Amino acid sequence: MSIQRSTQQWQAADAAHFLHPFTDFQSLAKKGSRIITKAENIYLTDSEGQRILDAMSGLWCVNVGYGQQALIDAATRQMKELPFYNAFFQTATPPAIELAELLSEVTPPQFQHVFFSGSGSEGNDTVVRMVRRYWDILGQPERQVIISRHNAYHGSTMAGASLGGMSGMHAQGGLPIPNIVHIDQPYWAEHGQHMSRDEFGLIAARWLEDKILAVGPEKVAAFIGEPVQGAGGVIIPPATYWPEVQRICDQYGILLVSDEVICGFGRTGRWFGCETMGFRPDLMTFAKGVTSGYVPLGGVMVGERIAKVLIEQGGEFEHGYTYSGHPVACAVALANIKLIQQLKLVEHVHDDVGPYLAEAFATLRDHPLVGDAETCGLMGALLLVKDKAGLKPFDESVGIGMVCRGHCFGNGLIMRAVGNRMIIAPPLVITRAQIDEMMGLIRRCLDLTLADAQREKWQ
Ligand code: PXG
């Protein structure tokens, strides 16, 4: 930044030139963006000097928290030494090689190879290309169909948005692209309240089998899912769900893809969400937490079943990005993963702050607005309801989540609203004392939202 400007000056320039992602441009221009200027540990500072507890880790990515010197040093060193070289023309750079090696160590044992991209969306584009190529090489080109889920989020490129199950996104741009189909999500509060969560998990998994049979098993290439849906509202599936999905994929010989863009790198209390949920994917998309968001990087871990075919029978795989294996991004990722190991952050989530958050969240169940409170590692969701009996929702026109989110902003807390679900995913470095502080803010914002609901007679 060459000059310091006032908040109003920043907002005017922003409104004049910057088209933000997933934004109604006109209404934001009228209101003015919030300008974030600095961050340290789990706290942001805005251009008005307000301190904000970032319970969303930036955008589900700043796993090691802000201001980690090891990552800053790694980027600086690598920029001086070799800021860029590509991996296309039979070349490689040391950080990309070392990162590929380290990823093979920290991911489940079936993963010994990685394909790098610049983001999670690009990673999922790679998944589509790779899955179809795999079946092609094996002489089954008719296996084209990829099954995903409604309300999934897999990115915003043409393939990413198609794999995703967001109807608003599909409505813009003629999506999904051909041969991508969706089943319902394993959301107990929406589909399964009349049965136990475990029973529901099995039923939701069998929707996959129904779809495979409807499409024709010989045409199905893969199933993709987030271990826990993030952007869809932290939908935590019953424990029975993923093992049954695995059984069904095995039975029909279908590839299983875990989108670990949010769940990877410790978020759920294990290195990867598939380990928490008990399944063994053939491909794993990652991004975000691989560098804690300090610089962009994504990729796909390629299981040996697929790697063997691509390597031994595939010839040239005609796919790749300028930034596949970017040396600065890879150097930062190396420093980040080593820091996660050094600070024992996965254990910290699994043994300490994860269970502590689960207990704290459970105490919110007594709040009149909270119909359900769930966590998985350091992801959490509160379902806001009009009436706890039958988890009756507020009228959609009330926009209860946005009302609550407004109070969060006003009170120095970043918590996200997805419909009527309030969600958090704080940095993994959060302490118990900071969780107490966050819970105090969350309770205050729920109380303010309840007061609005009573005053406005929404309840
Ligand atoms: N897969 C998953 C599971 C994601 O959560 C992507 C892929 C795409 O990654 P890139 O790096 O291309 O953005 C994501 C991204 C939200 C929100 O509102 C979530 C994401 C992105 C933007 C907003 O929660 N997740």
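Here the structure is a predicted model, which means the values were calculated and not measured. Start at 1 and go down the list; that is how both ligands and their atoms are numbered.
Applying the ring pair (Phe, Tyr, Trp, His ring centres under 6.0 Å) test to His20 and every residue at least two apart in sequence or in another chain returns Phe18. The ring pair (Phe, Tyr, Trp, His ring centres under 6.0 Å) search around His182 returns His150, His170, not counting sequence neighbours.
Taking the centre of each ring, Phe265 and Phe272 come in below the 6.0 Å mark.
For ligand 1, the 4.0 Å heavy-atom shell contains residues Leu59, Trp60, Ser119, Gly120, Ser121, Asn124, Tyr153, His154, Gly155, Glu226, Ala231, Asp259, Val261, Ile262, Lys288, Arg416.
Classification of Glu374 and Arg421 as a salt-bridged pair holds, one side-chain N sitting under 4.0 Å from a carboxylate O.
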Tell me which donor-acceptor pairs under 3.5 Å the side chains of residues 422-430 have, and how far apart each pair is, sequence neighbours excluded?
none

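In this structure, Val114 and Phe116 approach most closely via the heavy-atom pair CG1-CZ, 3.8 Å.
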